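If you're wondering where the values come from, they're calculated on a predicted model, not measured in any experiment.
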Amino acid sequence: QVRLVESGGGLVQPGGSLRLSCAASGSDFNIASMGWYRQAPGKQREFVASIDGIGLTYYVDAVKGRFTISRDNTKMTVSLQMNSLKPDDTAVYYCRDLRNDIWGQGTQVTVSA
């Protein structure tokens, strides 16, 4: 059974950076597409970024040029480097194993002065 645990959230000022990490357990991590999603208060959960098994990446337009998704298959982790953060980026961020449709518990990111 795949299990995902996120870390790295917190409070940051506008323009700052945070790095989220997602540690996975499960036997098929190397071929699983992994993604980051977020849910702001009062809004639906939305796609942020994904990376497939060979490293191809996809981003929602709102974060292109600011966020970078990466993976380390030896450590079974997927990360989201977030730069130039804006108040609109405030949300709970979730890691997702797209192959097995498994979600992590989420980590709060708050961008505020």
Side-chain angles (χ1 to χ4, degrees):
Q1 180 70 25
V2 175
R3 183 170 178 262
L4 305 174
V5 179
E6 301 100 332
S7 61
L11 173 64
V12 64
Q13 292 186 343
S17 299
L18 280 176
R19 184 176 182 86
L20 306 182
S21 292
C22 173
S25 61
S27 62
D28 63 355
F29 179 83
N30 289 0
I31 59 174
S33 291
M34 301 294 297
W36 285 97
Y37 290 70
R38 66 186 180 186
Q39 187 166 18
K43 294 186 178 181
Q44 290 189 332
R45 193 172 298 187
E46 65 173 359
F47 168 83
V48 176
S50 67
I51 184 167
D52 70 11
I54 60 172
L56 291 177
T57 58
Y58 305 88
Y59 299 92
V60 69
D61 285 347
V63 307
K64 284 181 180 177
R66 300 189 298 122
F67 291 10
T68 303
I69 189 171
S70 60
R71 67 190 296 159
D72 185 335
N73 287 343
T74 61
K75 296 181 180 179
M76 294 180 68
T77 59
V78 59
S79 299
L80 186 68
Q81 177 66 42
M82 305 185 295
N83 299 328
S84 302
L85 283 161
K86 306 174 181 179
D88 284 349
D89 296 317
T90 295
V92 178
Y93 284 71
Y94 297 89
C95 178
R96 183 186 183 193
D97 176 332
L98 277 74
R99 175 180 174 87
N100 298 293
D101 195 22
I102 301 294
W103 295 83
Q105 83 287 353
T107 186
Q108 176 70 46
V109 172
T110 302
V111 185
S112 175

- Could you tell me whether a side-chain N or O of Asn73 sits under 3.5 Å from a main-chain N or O of Met76, the two making a donor and an acceptor? no
- Test log, rule side chain to side chain contact (heavy atoms under 4.5 Å, CB included), inputs Arg45 and Trp103: CA-CA 12 Å; Arg45 193 172 298 187; Trp103 295 83; 3.2 Å; yes
- Query: What are the two closest heavy atoms between Ser112 and Pro14, and how far apart are they?
  - Reply: C-CD, 3.6 Å
- With Leu18 as reference, evaluate Thr107, Asp89, Val109, Asn83 under the side chain to side chain contact (heavy atoms under 4.5 Å, CB included) test and give the passing residue. Val109
- Ile51 and Val78: which non-hydrogen atoms are nearest, and at how many Å? CG2-CG2, 4.0 Å
- So Phe47 and Tyr37, would you call those rings parallel, tilted or perpendicular, with 30° and 60° as cut-offs? perpendicular
- Gln105 side chain to Val5 main-chain N or O, any donor-acceptor pair under 3.5 Å? no
- Note on the structure: Output for pair (Arg19 CZ, Thr68 OG1), nearest 0.5 Å, gives 8.5 Å
- Message: What's the separation between atom CD in Glu46 and atom CD in Gln39, rounded to the nearest 0.5 Å?
- Response: 9.5 Å
- Search all heavy atoms of Ser17 against all heavy atoms of Gln81 and return the closest pair with its distance. CB-NE2, 4.0 Å
- Determine, using the 4.5 Å side-chain heavy-atom cutoff (strictly less than), whether Leu80 and Tyr58 are members of one ILVMFWY cluster. yes
- Message: I want to check something: taking the side chain as every heavy atom from C-beta on, are Leu4 and Cys22 in contact at a cut-off of under 4.5 Å?
- Response: yes
- Is the backbone of Thr90 close enough, under 3.5 Å, to the side chain of Arg38 for a donor and an acceptor to pair up by distance? no
- Message: So Met34 and Asp97, do their side chains get closer than 4.5 Å, heavy atoms only?
- Response: yes
- Query: Taking only residues at least two apart or on different chains, which pairs with a member in residues 43-78 satisfy disulfide bond (SG atoms under 2.5 Å apart)?
  - Reply: none
- Query: Is Tyr59 reaching over with its side chain to a backbone N or O of Ile69, donor-acceptor style, under 3.5 angstrom?
  - Reply: yes
